[in-house]
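One structure is given below, encoded as structure tokens.
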Number of protein chains: 2
Amino acid sequence: MAAVAGKALGDSAFSAPGQRGTRQRRVIREWLGTSAAFVSAQQVREGIAAKGDAVGLTTVYRTLQALADAGEVDVLRTDTGEALYRKCGTGHHHHLTCRSCELTIELAGPPSVEKWSQSTADEFGFNDVQHVIELSGTCSNCR
Amino acid sequence: MAAVAGKALGDSAFSAPGQRGTRQRRVIREWLGTSAAFVSAQQVREGIAAKGDAVGLTTVYRTLQALADAGEVDVLRTDTGEALYRKCGTGHHHHLTCRSCELTIELAGPPSVEKWSQSTADEFGFNDVQHVIELSGTCSNCR
DNA sequence: ATTGACAATGACAACCGTTTTCACTTAGAG
DNA sequence: CTCTAAGTGAAAACGGTTGTCATTGTCAAT
Ligand SMILES: [Zn+2]
Ligand SMILES: [Zn+2]
Ligand SMILES: [Zn+2]
Ligand SMILES: [Zn+2]
């Protein structure tokens with residue numbers, strides 16, 4: 001689904017007209033691809049710095065936001081309100097996240113909840129239902 | 001479950017030894033009881049002010065946090081990171097919330113997901129699983 | 001290869017919700 | 001009533017995020 005028109009080694013975001021390909025965006029997107037965990041903007045910047053590249057924090061924020069808007073990364077909020085980002089698959093999915101290290105596994109939700117979600121919304125007269133299902137726990141490494 | 005020992009017309013929080021019953025706490029808790037929507041600390045203060053009472057914002061924050069710690073209110077984060085609070089029932093439940101006015105209905109989750117949650121966690125070696133299930137939509141009033 | 005228009009960058013300041021500080025007030029036990 | 005520790009709230013500090021704006025870099029057109 002959602003095949004990119006044309007370009008073969010396509011990077012979907014930043015290919016729209018008026019969007020330029022810069023070193024910073026390449027580096028950020030590349031680094032995100034190496035992290036299985038949800039990470040903060042600060043962590044993205046530090047991780048990139050540790051590899052010798054430097055990107056301004058403002059640029060990290062803007063790029064992450066653009067990627068989130070493009071649907072290329074998922075965003076969630078910690079209980080302190082901080083935003084965490086992760087490069088995820090494109091289809092509908094949920095997460096199993098370690099509360100200690102934020103390691104995350106993508107899950108296909110149980111099919112029954114999709115129905116349940118819709119019928120419950122109908123029952124109470126709500127439209128345009130969306131559902132959020134997140135599992136969290138402690139991974140074997142963090143035991 | 002979690003019956004309060006002794007006191008009959010019990011208010012669970014603020015009844016521990018060393019906890020004092022103040023006007024501010026009474027007013028905040030009372031006002032929360034009248035709101036079916038998730039509300040911010042600011043909104044709590046404004047709502048109380050509109051009824052002629054005045055409570056410092058710091059006190060609102062502290063009281064909401066104490067109530068949350070005591071399990072008397074649920075907390076969730078908006079997509080901007082702001083904390084919203086709601087006086088909910090004590091049992092395990094989920095929410096159907098209007099994205100426009102934050103009106104919220106408490107739901108019993110579909111029994112199947114409780115099992116699914118546990119078995120999925122087991123499968124990936126995660127311990128102490130918790131799950132968050134939130135439905136959102138547009139309520140009939142906000143249509 | 002050179003140019004030029006305009007998107008992108010990043011140091012810095014502003015922002016805003018939340019927490020901390022601290023001098024003052026007050027509930028409630030004795 | 002009195003005394004003490006809990007509570008209050010104005011103001012300052014805090015931290016993540018966003019806005020500003022002068023400078024830099026991309027890339028289409030020449
Ligand atoms: Zn995801
Ligand atoms: Zn872990
Ligand atoms: Zn609730
Ligand atoms: Zn509504």
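Here is how names work: the chains are called A, B, and so on, in the same order as the sequence lines, proteins then strands, and each is numbered from 1. Values below: every heavy atom of this structure, side chains too, minus hydrogens, waters and symmetry copies.
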Exercise. Roughly how many Å is it from CG in L64(B) to P in dG9(D), rounded to a whole number?
Worked result: 13 Å
For this session: Rounded to the nearest 0.5 Å, what's the gap from SG on C139(A) to CD on E102(A)? Could you check?
Result: 10.5 Å
For this session: Find the distance I28(B):CD1 to dG9(D):C1' and express it as a whole number of Å.
Result: 12 Å
Problem set entry | Full working for side-chain hydrogen bond (donor to acceptor under 3.5 Å, both in side chains) between H94(A) and H131(B) | CA-CA 11 Å; H94(A) 305 288; H131(B) 62 269; over 6 Å; no
Exercise. CD of E82(A) versus C1' of dC16(C): gap in Å, rounded?
Worked result: 16 Å
For this session: For E106(B), check salt bridge (Lys or Arg N to Asp or Glu O under 4.0 Å) against everything at least two apart and list the hits.
Result: R86(B)
For this session: Measure the CD1-CZ distance between I28(A) and R23(A) for me, rounded to the nearest 0.5 Å.
Result: 9.0 Å
For this session: State, yes or no, whether a side-chain contact exists between H93(B) and L107(B) at a heavy-atom distance under 4.5 Å.
Result: no
Exercise. CZ of R62(A) versus C1' of dT24(D): gap in Å, rounded?
Worked result: 13 Å
For this session: Could you tell me whether the side chain of D74(B) reaches within less than 4.5 Å of the side chain of T104(B), counting heavy atoms only?
Result: no
Exercise. Can you find a pair of side-chain heavy atoms, one from Q130(B) and one from D128(B), that are under 4.5 Å apart?
Worked result: no
For this session: Rounded to the nearest angstrom, tell me the gap between atom CD in E46(A) and atom P in dG16(D).
Result: 10 Å
Problem set entry | Base-contact (B) and sugar-phosphate-only (S) positions in nucleotides 25-30 of chain C, heavy-atom cut-off under 4.0 Å, - elsewhere | -BBS--
Exercise. Q24(B) near the nucleic acid: base, sugar-phosphate alone, or nothing, with a heavy-atom cut-off under 4.0 Å?
Worked result: sugar-phosphate
For this session: For DNA chain D, determine which residues of residues 54-61 of chain B have any heavy atom closer than 4.0 angstrom to one of its atoms, and list them numerically.
Result: V55(B), G56(B), T58(B), T59(B)
For this session: Quickly work out the D53(B) CG to dT8(D) P distance and round it to whole Å.
Result: 13 Å
For this session: Answer with yes or no whether the hydrophobic clustering places L96(A) together with W116(B); edges join I, L, V, M, F, W, Y residues whose side-chain heavy atoms lie under 4.5 Å apart.
Result: yes
For this session: Using atom CD of Q65(A) as one end and atom C1' of dA8(C) as the other, report the distance to the nearest whole Å.
Result: 15 Å
Problem set entry | Distance, nearest 0.5 Å, that separates OG of S117(A) from CG of L135(B) | 4.5 Å
For this session: Quick one: list whatever passes ring pair (Phe, Tyr, Trp, His ring centres under 6.0 Å) with F38(B), sequence neighbours left out.
Result: H95(B)
Exercise. In whole angstroms, how far is the C1' atom of dT19(C) from the CD atom of Q42(B)?
Worked result: 14 Å
Problem set entry | Difference in axis direction between the ends of the helix from dA1(C)-dT30(D) to dG30(C)-dC1(D), five pairs, 10° | 30°
For this session: Taking side-chain hydrogen bond (donor to acceptor under 3.5 Å, both in side chains) as the test, write out the residues that go with D122(B), two or more places apart.
Result: Q118(B)
